[in-house]
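The block underneath contains the structure these notes are about, expressed in structure tokens.
Start at 1 and go down the list; that is how both ligands and their atoms are numbered. Atoms considered below: every heavy atom in the structure, side chains included; atoms not considered: hydrogens, waters and symmetry mates. The chain is numbered in sequence order, starting from 1.
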Amino acid sequence: MSTAKFVPLTSYQEYPPAEMAHRAASWRAEMQRRRTVRDFSNRPVPREIIEACLLTAGTAPSGANLQPWHFVVVRDPAIKRQIRAGAEKEEREFYTTRATPEWLADLAPLGTDADKPFLDIAPYLIVIFAEAYRVLPAGRRANYYVSESVGIATGLLIAALHHAGLATLTHTPSPMGFLNEILHRPKNEKPFLVLVVGYPAEDAVVPVLGKKALEEIATWV
Ligand code: IYR
């Protein structure tokens with residue numbers, strides 16, 4: 001027996017085709033301005049802005065609407081320092097031993113290395129956890145399409161922060177188990193990525209990179 005309850009769809013908004021075209025183009029322009037930033041300012045950012053963007057992320061579709069994400073917003077300088085130390089330890093391993101020569105060659109255009117000063121400098125690190133399974137009083141219960149769900153929520157979060165006027169960096173130290181320890185998150189939550197959030201430094205630079213053309217990313221049949 002279904003327990004589904006329905007209400008009329010009142011939030012949907014249709015636009016005339018010309019207005020749709022304009023909206024699609026202007027959103028594309030807005031999103032095209034987004035760059036992943038590695039040079040951050042330490043200027044403070046009001047908490048309310050981050051809260052609104054997290055609530056936007058929380059609107060993401062998810063497997064069975066189970067919303068298998070948890071966002072830890074790190075502001076405390078001492079915790080940021082611990083995260084930087086943990087990440088740089090893994091990154092040194094990565095850059096000197098773990099990464100294959102091919103991987104390092106693919107990363108060369110980004111100019112990254114094992115030093116992660118932004119983890120100290122930026123006002124917020126949003127550590128995104130994926131809830132691999134639920135822990136209920138009756139025991140473990142599955143979540144569904146966890147990576148897809150958390151990936152979509154993360155995408156919305158990045159877009160929301162950009163739209164609000166903030167810069168982000170998707171940072172993926174690997175392995176990330178140290179984040180559970182530092183942030184006291186339970187074992188059923190797996191670190192997904194670290195989103196560094198703040199204003200760019202005044203002298204921030206970004207690498208010269210391109211995005212693929214439509215023909216390369218899409219096929220019409
Ligand atoms: N996690 C490392 C390496 C790295 C890997 C990929 I794939 C990137 O797109 C960027 C960096 C680091 O953060 O430096």
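Annotation: salt bridge (Lys or Arg N to Asp or Glu O under 4.0 Å) contacts involving residues 36-49, sequence neighbours excluded, comprise Arg47-Glu51. Among pairs with a residue in residues 90-124, those fulfilling ring pair (Phe, Tyr, Trp, His ring centres under 6.0 Å) read Phe94-Trp103, Phe118-His171, at least two apart in sequence or across chains.
With respect to the salt-bridge test (charged N to carboxylate O, under 4.0 angstrom), the residues Glu93 and Lys89 do not qualify.
Taking the six-membered ring for Trp and the full ring otherwise, the centers of Trp27 and His163 sit less than 6.0 Å from each other.
Glu19 contributes no side-chain N or O that, together with a main-chain N or O of Pro16, makes up a donor-acceptor pair within less than 3.5 Å.
Asn180 is linked by a side chain to side chain contact (heavy atoms under 4.5 Å, CB included) to Phe129, Arg185, Pro191, counting only residues two or more places apart in sequence or in another chain.
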Please tabulate, line by line, the atom pairs linking an N/O of ligand 1 to a protein N/O at a distance below 3.5 Å, with the distance in Å to 0.1, or answer 'none'.
{"residue": "ligand 1", "atom": "1 (N)", "partner": "Glu91", "partner atom": "OE1", "Å": "3.4"}
{"residue": "ligand 1", "atom": "1 (N)", "partner": "Glu91", "partner atom": "OE2", "Å": "3.1"}
{"residue": "ligand 1", "atom": "1 (N)", "partner": "Thr172", "partner atom": "O", "Å": "3.1"}
{"residue": "ligand 1", "atom": "13 (O)", "partner": "Glu91", "partner atom": "OE2", "Å": "3.3"}
{"residue": "ligand 1", "atom": "13 (O)", "partner": "Lys116", "partner atom": "NZ", "Å": "3.3"}
{"residue": "ligand 1", "atom": "13 (O)", "partner": "His171", "partner atom": "ND1", "Å": "3.2"}
{"residue": "ligand 1", "atom": "14 (O)", "partner": "Tyr95", "partner atom": "OH", "Å": "2.5"}
{"residue": "ligand 1", "atom": "14 (O)", "partner": "Lys116", "partner atom": "NZ", "Å": "2.5"}

